[in-house]
Amino acid sequence: MSRTVPDDVTTLGALVLGGRGVVLWDLDPVAGRIRHYHGQAREGVDCPPAETVEQVCARVHPDDRARVGAALRCDDGQAAPEFEIGYRARDAAGGWIRQVARGRVVVRDAAGRPLRVVGITIDLDLVPDLPATPCGGGDSERLAALALELAQRTEELASAHRLARVGAWRWDLARRRIWLSVETTWLLGLEGGAAEIDYDQMRRAIHPDDYDAAMATFREAARSGTAATLEYRVILPDGAVHDVLTHAEPVVGADGTVSQLRGTTQDITPYRRIEAALRESEDHYRHMVELHPQIPWTAGPDGAILEVGPQWFALTGMSRDETMPFGWVSALHPDDRDPTLAAWRRNIESGAPIDVEYRLRLSGGGYGWMRARAAARRSEDGRILRWYGTLEDITDRHAAEEARKASEALALRVLEASGDAVIVFDAAGRARFANARAMTMLGLPDDAVGCNVASLFAEAHCRELRMAVSRAMRDGAGGHFELFWPPTDLWLEASLFADGGDISLFLRDISEKRLAQQQLRYAASFDFMTGAANRGTLFSRLSAQLERQDAGDLTALLCLDLDYFKEINDQHGHPAGDAVLRQFVSRLRLCLRSQDLLARCGGDEFVVMQTGVGGPADAIALAERILAIMRAPFDVDGISLPSSVSVGIAVSSLGMTDADALYNQADRALYVAKSKARGSYRLFHPDMQRADEAGRRLRAELSGALTRGEFALAFQPIVQLASQRIVGVEALLRWHHPERGLILPAEFIPVAEESGQIASLGAWVLGTACKAARHWPEDVKISVNVSPRQFELGDIRLVVGEALAAAGLPASRLKLEVTESVLLSQNASSIHVLQDLREQGVILVLDDFGTGYSSLSYLDTFKVDIVKVDKSFISRIRAPGDRQPIFEAIMGMTAALNLPVTAEGVETRVQLDYVTRLGCEWAQGYYFARPVSEYELRRRLQGFSRA
């Protein structure tokens, strides 16, 4: 590029940069974009930094717009080298001004089409002295040349900025706008060319952690009128964070105030990364030196120490001044000082590498063994420039060597004292060593050393051992095997090791181990206490049996469960339970054939696999034999214990091979037998499977029913028979299913107990019932049933306390109804909880008395306040004169224990007279009232006098 026209360039620069009315531009005809480099059209009217041809033409008078557009787009394709066109353009005030645009094509493609045009636009009203001569005129020639010169220099400056990652900017403080050069927008990752941004865009560009500090620096520069330099981080649109260095200087206006800030911004991210890499490298080297187990050091040609790693000072406790250049010698062990220095002098003189070991005084006061190694670095003429070495702590290695020597001596003593027989053979097969144990274990001669393998193991029973030793001698292969040794009647474990030409034979007596293994194999397949097969054996045999069954040879599974086994364990202890199980198995074996398999799968759960079954009738016949033989009670230490078993039966079908499926069918049938009628059998039916599926659906629907508000309470009055007044109310839970309608507790409570949802459900019932009772007369108590599972799943005391506190109800107005199973569980914590609640004033009611494993013992042991007799006894009284002996016996027991009784299920006048005559204090049932809503209950409480 020519540099020989400084006067013209200066003149044009003064015209363009200092005056008004002349604008320098650069046109890309292909893209249709114009970039304005410098100039103002009029006072206070800046040219846009870049715009499209369409945007330029929009400011041109409609009559001139077509000519200007055609000239700027170079529509003829082979445009003249230069052009000049006059036109009218709209000014800021909306009027029309005269302008002339002069351009020159400076770059064309191979076909001659213009690729770049540079030129100027002149406002003829502001520059009247500039002649509007044709393009070929001298002024136009000179202006176009100077415009090209200035454009090229501007392009060079822009390229330099891009290479240096530097961009310019100008901040108009009054307008609160920032103009960014093309290079600056490129640095910030913005699309397009030069642009103006506002404060919000700048805030988003500057990193939030650096924004306040950066803005404070800019404000101080504007306030003080002094230049500033600052570093901060910017966030690019793609989320990348870059470090930038900004130089800002104030621009003072005609009134002496700072009107603008201008400056440059440079992307210094690469430099910061290099600095970080250098710091990382330095830190890496420092850590290598500090953490390396060997201590690096250097010395001059004369052996004077110049540098030493920091671990030296920690190791010896010496300072730098004490160490260098020759002070380190004082740390040498007195016995090692002269030999070490002599070796060091020889190597300094010869230049040969040094490798010497010595003892060094440590900071703790003792000495440690060190290994010093070094080599010389020489100049081109062979002179030693410096020694580089390392110091390695080999104290552990020396200690290991001493330990090795000691261990060899110890090994001999250990081998002699070992319980294993040890014989070491050389490569020729002769015994080099044999301990005393080998003589006694194998019954060998007193002195086996010197004997070969053939003489030691000559008998036929030694063949395996002799071959193993010979193979180790030949191939160097070790071995491990077991063998029986008839001379001493022992099972031996032999281990052979070949090392360095020697073969070591270790023999261990494993006779007891073999016996234990036999016992373990038995334990892995059978139940030790009863002798029945275990679960694993059952399923293994069952799978094999199902694979080979055919018509007339089907397989049946009978799942058996002792009905009162838990009660026996709880009442009489586990030893009594174990005795019952053994008697149970003995009786079962009397009912089985030799090909049938009896297995114990749980505590009191047994399974019989019956083979050769023709159909369900065979399995039912076996079940009836089992039920018959189990009717007699068990006798344990003179105590007669109840004997009852429930049986679930499943018979395979032809082609059925799934052992788990058959077991699940029998187990499901057992569940039905226990839930419907203990002491009976049930044959699996597909309806049971469907019932399971229904139960799973019910469980899923139950999980969200409380949240959905589908539960409600019904209330049934409890009447005092003497006064015929309502003195209590039992809260009864009802589930109003959105599709199935009303579902009674008997259907969903077992599911809630099994799934654990009874805890949240029971807490809701307690809270809701207590809140309802606070609106009743003070002498009316609320009764709430509590499931045994609630004692297992949480602290029922806390639930009761929260319910009473939330309702503001005294504990004396709450009755908790629990069943016998809570007392029978012998769970100390549950009993303690019940007694604790009773001491707090809560009334305990024993519900459904007479239907379970009733006993006077726990009525006397566990304190309850009221006994509630199950309605099944009352329902049998249908006419005057009818009697129910069990009910009358219960009334006699409770009277003797001074326990009041509530009769449940009173539905007729005959039943009411019967329970009144027997001395029942309270009663409830349909005779008095069906369960009603809370609103209806309040109405009855206000007007009830008798049923």
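It should be emphasised that the depicted structure is a prediction, and the values quoted were computed from it without experimental measurement. For reference, positions follow the sequence shown, starting with 1.
No salt bridge links Arg203 with Asp200; every basic N to acidic carboxylate O contact stays at or beyond 4.0 Å. Using a 4.0 Å cut-off between charged side-chain N and carboxylate O, Arg223 and Glu220 make a salt bridge. Residues Arg59 and Glu51 are paired through a salt bridge, judged by an N-O separation under 4.0 Å between the basic side chain and the carboxylate. Between Asp355 and Arg371 there is a salt bridge, with a side-chain nitrogen of the basic residue lying less than 4.0 Å from a carboxylate oxygen of the acidic one.
The minimum heavy-atom distance between Tyr199 and Arg176, with the atom names listed, is CD2-NH2, 2.8 Å. Nearest heavy atoms, Val308 versus Ile295: CG2-CG2, 4.0 Å. Contact detail for Ile206 and Tyr211: the closest heavy-atom pair is CG2-CA, 3.7 Å. Minimum heavy-atom separation, Leu306 to Met324: O-SD, 3.1 Å. Heavy atoms only, all atoms of each residue included: Arg386 and Ala299 are closest at CG-O, 3.2 Å. The two residues Ile305 and Trp297 have their closest heavy-atom pair at CD1-CE3, 3.9 Å.
Using a 4.5 Å cut-off on side-chain heavy atoms (C-beta onward), Arg320 and Phe313 make contact. Side-chain contact between Thr246 and Trp169 is present, with heavy atoms from C-beta onward closer than 4.5 Å.
For Thr257 and Asp255, the side-chain atoms include at least one donor-acceptor pair closer than 3.5 Å. For the residue pair Arg377 / Tyr388, a side-chain donor-acceptor distance below 3.5 Å is found, with atom types taken as modelled.
Note that the CZ atom of Arg204 and the CD1 atom of Ile197 stand 9.0 Å from one another [nearest 0.5 Å].
A distance-only check finds no donor-acceptor pair linking the side chain of Asp267 to the backbone of Leu187 [under 3.5 Å]. Listed for the Thr264 side chain is no donor-acceptor partner under 3.5 Å among the backbone atoms of Ala168. In this structure a side-chain-to-backbone donor-acceptor pair under 3.5 Å is missing from Thr390 to Pro296.
Taking the six-membered ring where tryptophan is involved, the planes of Phe218 and Trp171 are perpendicular, since the angle between them exceeds 60° and thus also 30°.
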Apply salt bridge (charged side-chain N to carboxylate O under 4.0 Å, His left out) to the pair Arg397 and Glu392, showing each step before the final yes or no. CA-CA 11 Å; Arg397 193 186 76 185; Glu392 180 183 3; 5.9 Å; no
May I have the step-by-step check of side-chain contact (heavy atoms from CB on, under 4.5 Å) for Val100 and Glu84, ending in yes or no? CA-CA 7 Å; Val100 61; Glu84 176 178 311; 3.6 Å; yes
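Residue-environment remark: CZ (Arg708) exceeds the threshold of 12 foreign heavy atoms within 6.0 Å.
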